[in-house]
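We use all heavy atoms of the structure for the numbers below, so side chains are in, but hydrogens, waters and symmetry mates are not. Every number for a ligand or one of its atoms is a count from 1 in the order of the listing.
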Amino acid sequence: MADATSIRELPSLTGIRLRRNPLEENPFFHPSHGFYITPSDVILSQVVYDLSADSQPRYAYHRAGPRQEIMYEPSSVKAAIVTCGGLCPGMNTVIRELVVGLWELYGVRKICGIPAGYRGFYSMEAVELNPKLVHNWHKKGGTVLSTSRGGFDLLKIVDSIQLNGYNQVCFTLWFDLFFGNLICSLEIEFKKQILFRCVDPQMRHQVYIIGGDGTMRGAVKIFEEVSRRKLEVGITVIPKTVDNDVGIIDRSFGFQTAVEMAQEAISAAHVEAESAVNGIGLVKLMGRSTGHIALHATLSSRDVDCCLIPEMEFYLEGKGGLFEFLEQRLKDHGHAVLVVAEGAGQEMIPRSESQKQERDESGNLVFLDVGVWLKSALKEWWGRKHPGELFTVKYIDPTYMIRAVPANATDNLYCTLLAHSAIHGVMAGYTGFVSGPINGNYAYIPLEEVAQTKNEVNTSDHKWAWVRSVTNQPDFETNFKGQTP
Ligand SMILES: Nc1ncnc2c1ncn2[C@@H]1O[C@H](COP(=O)(O)OP(=O)(O)OP(=O)(O)O)[C@@H](O)[C@H]1O
Ligand SMILES: O=P(O)(O)OC[C@H]1O[C@](O)(CO)[C@@H](O)[C@@H]1O
Ligand SMILES: [Mg+2]
């Protein structure tokens with residue numbers, strides 16, 4: 001098996017002297033045999049194989065964890081941490097653990113937070129971070145650093161990474177001049193002030209980017225530009241997406257917390273529906289292009305009668321459609337609960353020409369509210385079909401409530417492991433990679449590979465069949481094909 005397995009190699013910094021891992025002297029660690037990860041230590045991309053099909057390609061990724069030799073002198077490291085895109089439970093935990101891990105495990109003392117996402121690299125002052133400051137951050141929802149969409153200006157971002165030291169300009173300048181160890185360029189700022197931008201050749205920069213699919217596409221470009229300029233900057237991305245749409249890794253942090261939070265909305269919808277005559281409880285959950293939150297929330301709740309996701313087309317009227325199903329459900333049980341992912345049915349919602357073009361600052365299509373549309377379609381249909389009969393639709397939209405919360409215990413632990421894996425990888429000299437669990441084991445995956453892969457719900461697999469069996473919902477695709485035109 002080993003011969004047929006190809007390892008996904010990672011870019012790595014060169015030209016920096018190897019040195020002993022400081023964990024060696026850390027009183028809390030007693031590195032013994034097996035503690036350090038070696039280059040031949042790998043994680044297989046798949047654990048399920050069909051042995052009769054022996055031509056299947058087998059891939060492996062380098063295993064995450066501390067290396068015996070590292071490529072950075074900790075006192076020369078200057079690390080930057082940035083959070084991009086939408087919120088996700090656990091972002092603050094990742095930041096906290098990056099800071100504490102860099103500080104405690106490796107003795108790094110220069111760690112800065114870049115505010116407001118990518119744009120913060122070139123338009124805002126970085127914040128100095130230390131363990132005391134971030135001590136309680138894991139208990140807070142959101143990101144203390146703040147985040148934003150858009151603002152990706154490649155050259156300005158890489159200029160800023162290359163030239164950072166900007167904040168402590170006076171101190172660094174005179175200190176370095178004194179020791180005759182400086183490359184500096186003068187710039188005239190808008191207010192005609194003279195600013196000194198310094199590059200200290202002794203400092204080694206590391207960039208920790210926390211973000212989703214869009215962030216990763218940006219990070220690939222940053223990594224390429226940094227490589228083109230031959231900068232010795234370690235770049236890593238910690239995958240963040242409440243939608244769980246990042247591929248290759250088992251799941252993204254914060255996802256389980258979001259699923260848990262969604263239970264409250266579903267339970268409330270169930271109570272409202274059950275307490276009405278012909279009551280429908282309708283819950284919209286996040287999921288721009290993937291329905292993982294809706295699917296998992298449905299499976300764990302058992303109160304849901306129908307789950308609609310972006311990966312599956314559905315239709316409202318006619319044989320085998322949603323309304324026919326709900327009508328039967330109301331007849332049999334008196335109520336029904338409907339969970340819909342925000343990206344489901346978008347192509348069915350009427351929209352104006354300008355709405356068709358509307359995008360957010362990152363270029364993502366702006367969706368119309370599928371819940372509002374469904375609620376009004378349901379009412380119109382019932383009024384037409386059963387005039388005068390009681391009917392209630394209670395629409396609950398917990399969109400931001402499921403992601404603007406602190407991570408639960410499992411996600412908090414997961415965030416810690418992600419952050420530590422990232423630190424060990426960067427300190428070992430790897431760059432352009434993503435840390436994440438594959439089949440339960442932490443691996444380093446080339447950034448470009450993760451940026452190109454999407455994790456969608458497979459509506460042909462067992463899990464989706466399970467959703468259908470739990471809900472009893474129609475198989476819209478098959479029903480649609482069976483309809484006579
Ligand atoms: N193709 C791209 N090239 C360069 N930068 C990009 C690209 N796509 C998105 N970005 C930048 O990445 C950042 C985050 O992107 P986006 O808002 O899509 O969130 P995300 O990372 O996908 O996270 P989430 O989907 O979880 O909210 C933004 O600053 C955006 O400008
Ligand atoms: O309103 P915002 O901040 O743009 O975020 C909404 C989007 O963020 C996500 O949570 C992640 O992309 C999506 O599910 C949702 O469409
Ligand atoms: Mg995204």
Side-chain angles (χ1 to χ4, degrees), residues 82-91 94 114-124 141-143 145-158 160 207 209-226 235 237-247 249 251-255 257-259 261-262 283-297 309-311 340-344 346 358-371 397-405 434 447-448 450-457:
V82 65
T83 51
C84 309
L87 296 187
C88 178
M91 285 166 100
V94 175
I114 308 295
Y118 278 139
R119 68 183 72 238
F121 272 111
Y122 57 85
S123 64
M124 297 179 88
T143 159
L145 290 181
S146 74
T147 183
S148 71
R149 298 195 189 273
F152 185 84
D153 187 323
L154 179 63
L155 298 184
K156 283 189 187 169
I157 292 169
V158 180
S160 153
V207 183
I209 303 172
I210 304 164
D213 56 336
T215 304
M216 257 179 251
R217 288 190 287 273
V220 169
K221 293 177 186 166
I222 294 173
F223 169 69
E224 286 168 355
E225 180 61 16
V226 160
I235 293 179
V237 178
I238 291 138
K240 173 238 48 155
T241 149
V242 76
D243 293 353
N244 197 29
D245 56 4
V246 170
I249 61 169
R251 66 167 204 281
S252 50
F253 73 80
F255 172 68
T257 306
V259 170
M261 289 302 293
V283 179
K284 182 184 76 172
L285 294 174
M286 279 201 166
R288 173 179 284 285
S289 55
T290 60
H292 295 285
I293 297 179
L295 182 159
H296 283 247
I309 57 170
E311 293 89 339
V340 59
E342 62 174 331
Q346 284 294 319
E358 208 186 336
R359 292 180 180 266
D360 69 14
E361 284 193 274
S362 293
N364 301 306
L365 200 64
V366 171
F367 286 161
L368 294 183
D369 192 326
V370 64
D397 177 0
T399 300
Y400 295 109
M401 288 178 61
I402 68 168
R403 73 171 200 190
V405 291
V434 167
L447 171 57
E448 204 169 356
V450 186
Q452 285 168 358
T453 323
K454 192 169 178 187
N455 178 31
E456 290 183 319
V457 171

| said: Listing by chain and number, which protein N, O or S atoms are under 2.8 Å from the Mg ion (ligand 3)? | reply: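 Sorted hits: D213 OD1.
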Would a 4.5 Å heavy-atom cut-off, applied to side chains only, mark [X] and [Y] as touching?
X	Y	result
T241	C88	no
M216	V450	yes
S289	K454	yes
P115	S146	yes

| field | Atoms in ligand 1 with a heavy atom of G150 nearer than 4.0 Å | value |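 Selected atoms, number and element: 28 (C), 29 (O), 30 (C), 31 (O).
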| query | Counting from 1, what ligand 1 atoms have a heavy atom of R217 closer than 4.0 Å? | reply |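 Every atom of ligand 1 under 4.0 Å from some heavy atom of R217: 1 (N), 2 (C).
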Please determine if [X] has a nitrogen or oxygen closer than 3.5 Å to a nitrogen or oxygen of ligand 1.
X	value
C84	no
T241	no
G212	yes
S362	yes

| query | Counting heavy atoms only, which of C88, G214, G151, A451 comes nearest to atom 7 (C) of ligand 1? | reply |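 Looking at heavy atoms only, the winner is G214.
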| said: Below 4.0 Å from ligand 1: does a non-hydrogen atom of G117 turn up there or not? | reply: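 Contact check G117 vs ligand 1: negative.
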| message | Once rounded to the nearest 0.5 Å, what's the spacing between atom CD1 of I293 and atom CZ of R403? | response |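 I293 CD1 to R403 CZ: 9.5 Å, rounded to 0.5 Å.
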| Taking non-hydrogen atoms only, is N364 closer than 4.0 angstrom to ligand 1 via side chain, backbone, both or neither? |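 The part of N364 near ligand 1 is the side chain, not the backbone.
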| request: Pick one of side chain, backbone, both or neither for how E361 approaches ligand 1, counting any non-hydrogen atom pair under 4.0 Å. | output: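 Looking at E361 and ligand 1, no heavy atom falls under 4.0 Å.
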| field | Set of residues satisfying side chain to side chain contact (heavy atoms under 4.5 Å, CB included) with respect to N364, sequence neighbours excluded | value |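 Expected list: R149, R288, D360, S362.
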| request: Would you mind checking which non-hydrogen protein atom is closest to atom 14 (C) of ligand 1, with the distance to 0.1 Å? | output: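 Going by distance alone, atom 14 (C) of ligand 1 is nearest to T215 OG1, 3.3 Å.
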| said: Suppose we measure from atom 25 (O) of ligand 1 to each protein heavy atom; which comes out shortest, and what is that distance? | reply: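 For atom 25 (O) of ligand 1, the nearest protein heavy atom is D213 OD1, 3.6 Å.
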| request: Check salt bridge (charged side-chain N to carboxylate O under 4.0 Å, His left out) between R251 and all other residues, then give those that pass, not counting sequence neighbours. | output: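 By the salt bridge (charged side-chain N to carboxylate O under 4.0 Å, His left out) rule, R251 matches no residue at all.
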| task | Would you check ligand 2 and list the protein residues that come within less than 4.0 Å of it by any heavy atom, ordered by chain and number? | result |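 Residues R149, V242, D243, M286, G287, R288, E342, Y400, R403 each place a heavy atom under 4.0 Å from ligand 2, listed by chain and number.
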